[in-house]
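Here the structure comes first, spelled out in structure tokens, and everything after it is commentary.
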Protein chains: 2
Amino acid sequence: MQSRTPAGRTGRPRNAAADAAILAATRQALVELGWSKLTLGDVAVRAGVAKTTLYRRWPGKNELVVDAVAELFDELTLPDRGSLAADIEGVVLQFAAILARPEARSGLMAVVAEATRDEALRERIRASIVERQKRLVLAGRARAQARGELAPESDPDEAARAVDLIFDMVAGAVVHRTLVSAEPADEKWVHGFTRVLVFGLTPGPGPGPG
Amino acid sequence: MQSRTPAGRTGRPRNAAADAAILAATRQALVELGWSKLTLGDVAVRAGVAKTTLYRRWPGKNELVVDAVAELFDELTLPDRGSLAADIEGVVLQFAAILARPEARSGLMAVVAEATRDEALRERIRASIVERQKRLVLAGRARAQARGELAPESDPDEAARAVDLIFDMVAGAVVHRTLVSAEPADEKWVHGFTRVLVFGLTPGPGPGPG
DNA sequence: ACCTTTCGCTACGGGTCGTAGCGTAATACC
DNA sequence: GGTATTACGCTACGACCCGTAGCGAAAGGT
């Protein structure tokens with residue numbers, strides 16, 4: 001047993017508080033400067049650490065911002081509100097609240113853009129941000145099936161595709177509303193969105209989108 | 001009448017061919033270098049113009065890339081395929097095809113990210129990219145109402161909100177699927193998406209999402 | 001005490017930025 | 001044709017940021 005230090009290593013241990021300080025400084029810099037004007041030297045000064053310390057812990061700006069933004073999504077939960085529509089509305093409102101924060105707005109899209117040319121970064125985003133969100137979709141779907149609101153999927157492959165589709169529709173709509181249309185995903189909008197998602201554009205069992 | 005030159009100005013006219021060359025060079029650089037490593041000096045060399053010419057025509061990298069990417073969306077059309085679902089599938093497939101191109105993938109998200117801190121850039125994106133797409137939603141909706149598939153909206157304010165909602169759902173889902181989930185929005189996916197959008201998650205008049 | 005790792009600091013070459021200045025080219029007006 | 005006006009290509013520049021190397025000191029284990 002040599003696991004008193006994080007990985008059984010010898011030598012001076014890393015200052016754990018510095019990690020938190022650096023990530024907080026990164027978010028602060030994102031708010032004040034935005035992605036493009038954010039420099040690692042500036043973050044180091046804000047965090048009260050040397051620039052070299054930053055480079056010892058993160059490969060570069062991209063990975064640092066991913067980790068800084070990922071922490072924002074820790075607060076996502078899925079309380080049981082009794083129905084599929086209510087569950088969707090609840091989680092979408094939480095998601096919208098996160099995306100309304102400037103550090104998320106400027107950082108998230110930028111790293112996604114960078115990830116289009118960086119497979120490792122894409123995987124980092126998937127593991128630390130996307131996967132956590134997708135688990136909420138899975139949980140909500142299971143609940144709805146237990147309630148009888150959705151038909152249970154026998155084919156697990158089909159089920160996975162359905163979850164991916166729903167996830168892209170929910171997250172995509174909120175992100176597009178917030179960042180591209182640049183208008184708030186408030187309760188009214190979320191309500192209309194949920195109605196369309198659950199009942200569709202054509203007036204079926206529920207009222208139409210008007 | 002002094003409007004033979006574009007705006008009635010005197011002096012040497014601008015080389016119109018240079019504009020096209022610069023935008024094409026920008027797209028090429030986006031493919032080869034991506035957003036972050038794209039430099040205006042490099043674009044100038046590719047286009048065969050001086051770097052100063054670039055700065056005389058565009059305020060900076062952001063605006064240049066917006067214009068370069070906007071041209072990609074010129075090809076969007078909305079052929080009448082007979083039904084709302086078919087119309088949606090057609091235009092979504094076109095949209096997906098554009099987003100599959102590397103110059104769109106790396107450029108679009110990056111400028112949207114920059115636009116979160118730049119009101120003028122946001123307006124430029126809205127005018128040259130978003131508005132054109134939204135017009136297709138308007139046209140498709142009018143067709144569906146003419147066919148009787150959608151109830152006509154009496155309140156123009158409600159109608160505008162519905163169009164905005166649909167637009168965010170369609171564009172958002174495709175963008176998220178393509179850029180965040182990083183998987184192709186192929187025919188199978190588009191078909192499933194359209195079914196959910198038109199008929200909803202719950203098995204109403206149509207079949208469920210499975 | 002000794003070893004190992006981290007940390008802060010300084011310094012560096014390399015690259016990009018955005019602008020200024022200059023001479024020249026291309027057009028409109030007279 | 002001559003002149004005014006604008007666009008163009010080119011060069012050069014200070015400022016900034018990058019990412020790394022090298023050093024001495026600090027903080028833990030053994």
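Reminder, nothing fancy here: chain letters follow the sequence lines and each chain counts from 1.
- One can place OH of Y55(B) at 16 Å from C1' of dC10(D), the figure rounded to the nearest angstrom.
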Candidate pair R14(B) and D19(B), rule salt bridge (charged side-chain N to carboxylate O under 4.0 Å, His left out), full reasoning
CA-CA 9 Å; R14(B) 282 196 173 171; D19(B) 264 23; 5.6 Å; no

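- Straight-line distance from the CZ atom of R56(B) to the P atom of dC10(D): 12 Å, rounded to whole Å.
- The shortest non-hydrogen separation linking F95(A) to L76(A) is N-CD2, 4.0 Å.
- For the pair W58(B) CH2 and dG18(C) P, the interatomic distance rounds to 15 Å; values are reported in whole Å.
- For R122(A) and E114(A), the salt-bridge test fails: no basic side-chain N is under 4.0 Å from an acidic carboxylate O.
- Atom CG of N62(B) is separated from atom C1' of dC17(C) by 14 Å (rounded to the nearest Å).
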Verdict with supporting geometry, W58(B) and L40(B), side-chain contact (heavy atoms from CB on, under 4.5 Å):
CA-CA 10 Å; W58(B) 283 276; L40(B) 293 197; over 6 Å; no

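- Side-chain atoms of R14(A) and base atoms of dG28(D) include no donor and acceptor less than 3.5 Å apart.
- Evaluation of atom-type donor-acceptor distances gives a pair under 3.5 Å for the side chain of R12(A) against the base of dA26(D).
- Contacts of residues 31-53 of chain A with DNA chain D (heavy atom under 4.0 Å): T39(A), L40(A), G41(A), K51(A), T52(A).
- The existence of a salt bridge linking E89(A) and R81(A) is excluded, since no basic side-chain nitrogen approaches an acidic carboxylate oxygen closer than 4.0 Å.
- With dT27(C), dT6(C), dC8(D) as the choices, the nucleotide that has an atom nearest any side-chain atom of R57(A) turns out to be dT6(C).
- With hydrogens and angles disregarded, no donor-acceptor distance shorter than 3.5 Å links the side chain of R46(B) to the backbone of T26(B).
- Across the protein-nucleic acid pair, L64(B) atom CG and dC17(C) atom P stand 11 Å apart, rounded to whole Å.
- When atom types are taken as modelled, the side chain of K61(A) and the backbone of L38(A) share a donor-acceptor pair closer than 3.5 angstrom.
- At a threshold of 4.0 Å, the pair R124(A)-D67(A) counts as salt-bridged, since one of the basic side-chain nitrogens sits closer than that to a carboxylate oxygen.
- Ring pair H176(A)/F167(B) is perpendicular by interplanar angle, where above 60° counts as perpendicular and below 30° as parallel.
- Looking at residues 118-125 of chain A, you'll see that no heavy atom sits under 4.0 Å from any atom of DNA chain D.
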